[in-house]
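Since the structure comes first, as structure tokens, the remarks are kept for the end.
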Amino acid sequence: MQESQPSSKIPADILGKPVALNGATGGIGGALAERLAEEGAELLLLVRDVKKGEALADKFKKQYGTKAKALSFDFDLPETLEESLQEIRSSGCRLFFNVAGIYHQAPDVSSGLERTYLINYVEPVRFIRALLEICPGIRIAAVSSLTATLGKTRKAREAIDWTRPEETMNGAGGRTMSYALSKSLLMSALMGLQDEGADVRFAHPGVSCTDLFDPKNKAYPSWFYKVAPPIMRKIFMSPRKACLSVYEAGARDFDGKERWLGPRGLFHAWGKPGETKLPDWLKEESKEALSFALGWKAR
């Protein structure tokens, strides 16, 4: 179908080196990895489940004749992040997609900061900053969410006291708000990296029926899984279509400042990728969001 075709192609000089992405065994990340494999990209698949990653790499080799390597990668395990950084540097990679994240998790503040913020905001910022230091000029395409730009998220942002951020973040609201706020803070911190000259772009995939709607995640009441997913699969985009905005963020020639790529259709939940201006308030306190992420230490 027409909407499943990207309007841009990742430049040949970037595809001449491996492309790295995390979240490749998930819905959007898996669809993105396959799109890249079809285009002939050599891939570094940064995955928590190496067996699944290796199976995916074998599939790409057999189906598309492309090379792919699965690397152990887990924001909870610093040693895997360091190993991935060194592999990316030695490969000469010039494009990294940050797709991985968690959603609607049970509260966990054992480290001092609720885990949703750690995995979706703090650790990605630290990893991307380290990546920029060892691979100057690398292009970063970061996936966010429409929820990051909602008015309720802005109010939660305004309630953060940067003299005691852990306490005010952990008390920001329920699971959905923790997710939305984590994505908002990720974008703000990465805007801080843009100010330092980093090539960072943002994307949101709209609404897609992905693994988030798997009953095992227990993100919603049990009745939801019986009623909603079958309807959503008919109404909203498949991961195959939803990943196009993420792909475009890596491919398109734009500086990524104050804009992001996402569906331009109904409520920005469905449709072809297009550029949209980001809310001005996301830029506010970007230095604080970046500084906190880089300086955070577990208890």
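Residue K67 places its NZ atom among 12 or fewer non-hydrogen atoms of other residues, nucleotides or ligands, all under 6.0 Å distant. Within 6.0 Å of NZ in K297 there are 12 or fewer heavy atoms belonging to other residues, nucleotides or ligands. Annotation for R48: atom CZ does not count as buried by contact number, only 12 or fewer foreign heavy atoms lying within 6.0 Å.
The residues E275 and R252 are annotated as salt-bridged, a charged nitrogen and a carboxylate oxygen being separated by less than 4.0 angstrom. A salt bridge links R164 with E167: at least one charged nitrogen is closer than 4.0 Å to a carboxylate oxygen.
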Could you go through the side-chain contact (heavy atoms from CB on, under 4.5 Å) check for L185 and M169 one step at a time?
CA-CA 10 Å; L185 291 166; M169 285 184 204; 4.0 Å; yes
Assess whether side-chain contact (heavy atoms from CB on, under 4.5 Å) is satisfied between L132 and I138, documenting all intermediate values.
CA-CA 6 Å; L132 290 166; I138 191 171; 3.8 Å; yes
Kindly indicate, with the supporting measurements, whether the criterion side-chain contact (heavy atoms from CB on, under 4.5 Å) is fulfilled by V143 and I28.
CA-CA 10 Å; V143 177; I28 301 296; 5.6 Å; no
Carefully, step by step, assess E133 and R89 under the rule salt bridge (charged side-chain N to carboxylate O under 4.0 Å, His left out).
CA-CA 10 Å; E133 289 177 351; R89 179 174 65 175; over 6 Å; no
Can you list the steps and then say if T276 with R259 is a side chain to side chain donor-acceptor pair (under 3.5 Å)?
CA-CA 5 Å; T276 304; R259 291 171 293 159; over 6 Å; no
Assess whether side-chain contact (heavy atoms from CB on, under 4.5 Å) is satisfied between S91 and L44, documenting all intermediate values.
CA-CA 9 Å; S91 74; L44 294 177; 3.7 Å; yes
For R201 and D255: C-alpha separation, side-chain torsions, deciding distance, then whether salt bridge (charged side-chain N to carboxylate O under 4.0 Å, His left out) applies.
CA-CA 7 Å; R201 294 99 178 281; D255 62 15; over 6 Å; no
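Here the two rings, on F96 and F127, have centers that are under 6.0 Å apart.
With no hydrogens or angles considered, no side-chain donor-acceptor pair links Q105 and T116 at under 3.5 Å. With no hydrogens or angles considered, no side-chain donor-acceptor pair links Y117 and E166 at under 3.5 Å. Checking S184 against R157 by side-chain atom types alone, a donor-acceptor pair falls below 3.5 Å.
Using a 4.5 Å cut-off on side-chain heavy atoms (C-beta onward), R175 and Y103 make no contact. The shortest side-chain heavy-atom distance between L71 and E83 does not fall under the 4.5 Å cut-off. When side chains are defined from C-beta on, S111 counts as touching W296, because their heavy atoms get closer than 4.5 Å. With contacts defined as side-chain heavy-atom distances shorter than 4.5 Å, the pair F202/K257 does not qualify. Within the 4.5 Å cutoff, the side chain of R126 has heavy atoms near those of the V122 side chain. Residues T66 and E42 have side chains not in contact (no heavy-atom distance under 4.5 Å, counting atoms from C-beta outward). When side chains are defined from C-beta on, H204 does not count as touching S145, because their heavy atoms never get closer than 4.5 Å. Side chains of L150 and L146 form no contact here, defined as non-hydrogen atoms less than 4.5 Å apart.
Separation of atoms CZ (R35) and CD1 (I10) is listed at 10.0 Å; rounding is to 0.5 Å. To the nearest 0.5 Å, atom NZ of residue K59 and atom CD of residue E54 are 16.0 Å apart.
Of the possible donor and acceptor atoms, one in the side chain of Q194 sits under 3.5 Å from a partner among the backbone N and O of V200. For the pair S291 (side chain) and K287 (backbone), a donor-acceptor distance under 3.5 Å is absent. R139 places a side-chain N or O within 3.5 Å of a backbone atom of G250 that can act as its donor or acceptor partner. When atom types are taken as modelled, the side chain of T168 and the backbone of D161 share a donor-acceptor pair closer than 3.5 angstrom. In this structure, the side chain of D199 does not engage the main chain of G137 through any donor-acceptor pair within 3.5 Å. Under the 3.5 Å distance criterion, the side-chain polar atoms of E114 are left unmatched by any main-chain donor or acceptor of S178. Between the T153 side chain and the T149 main chain, no donor and acceptor come within less than 3.5 Å of each other. N22 places a side-chain N or O within 3.5 Å of a backbone atom of A100 that can act as its donor or acceptor partner. Side chain of Y179 to backbone of A148: no donor-acceptor contact under 3.5 angstrom is found. A side-chain donor-acceptor contact under 3.5 Å links T80 to the backbone of D74.
Linking Ile, Leu, Val, Met, Phe, Trp and Tyr residues whenever their side-chain heavy atoms come within less than 4.5 Å leaves L45 and L77 in two separate clusters. Criterion: ILVMFWY side-chain heavy atoms under 4.5 Å apart, direct or through other members. Under it, I102 and L186 are part of a common hydrophobic cluster. Criterion: ILVMFWY side-chain heavy atoms under 4.5 Å apart, direct or through other members. Under it, Y64 and F97 are part of a common hydrophobic cluster.
Annotation: side chain to side chain donor-acceptor pair (under 3.5 Å) contacts of D49 (sequence neighbours excluded): none.
Aromatic ring pairs are classed by plane angle as parallel below 30°, tilted from 30° to 60° and perpendicular above 60°; the pair F73 and F75 is perpendicular.
The one candidate from D76, D108, N120 that meets the side chain to side chain donor-acceptor pair (under 3.5 Å) condition with R115 is D76.
Alongside F254, the hydrophobic cluster contains L261 (criterion: ILVMFWY side chains under 4.5 Å).
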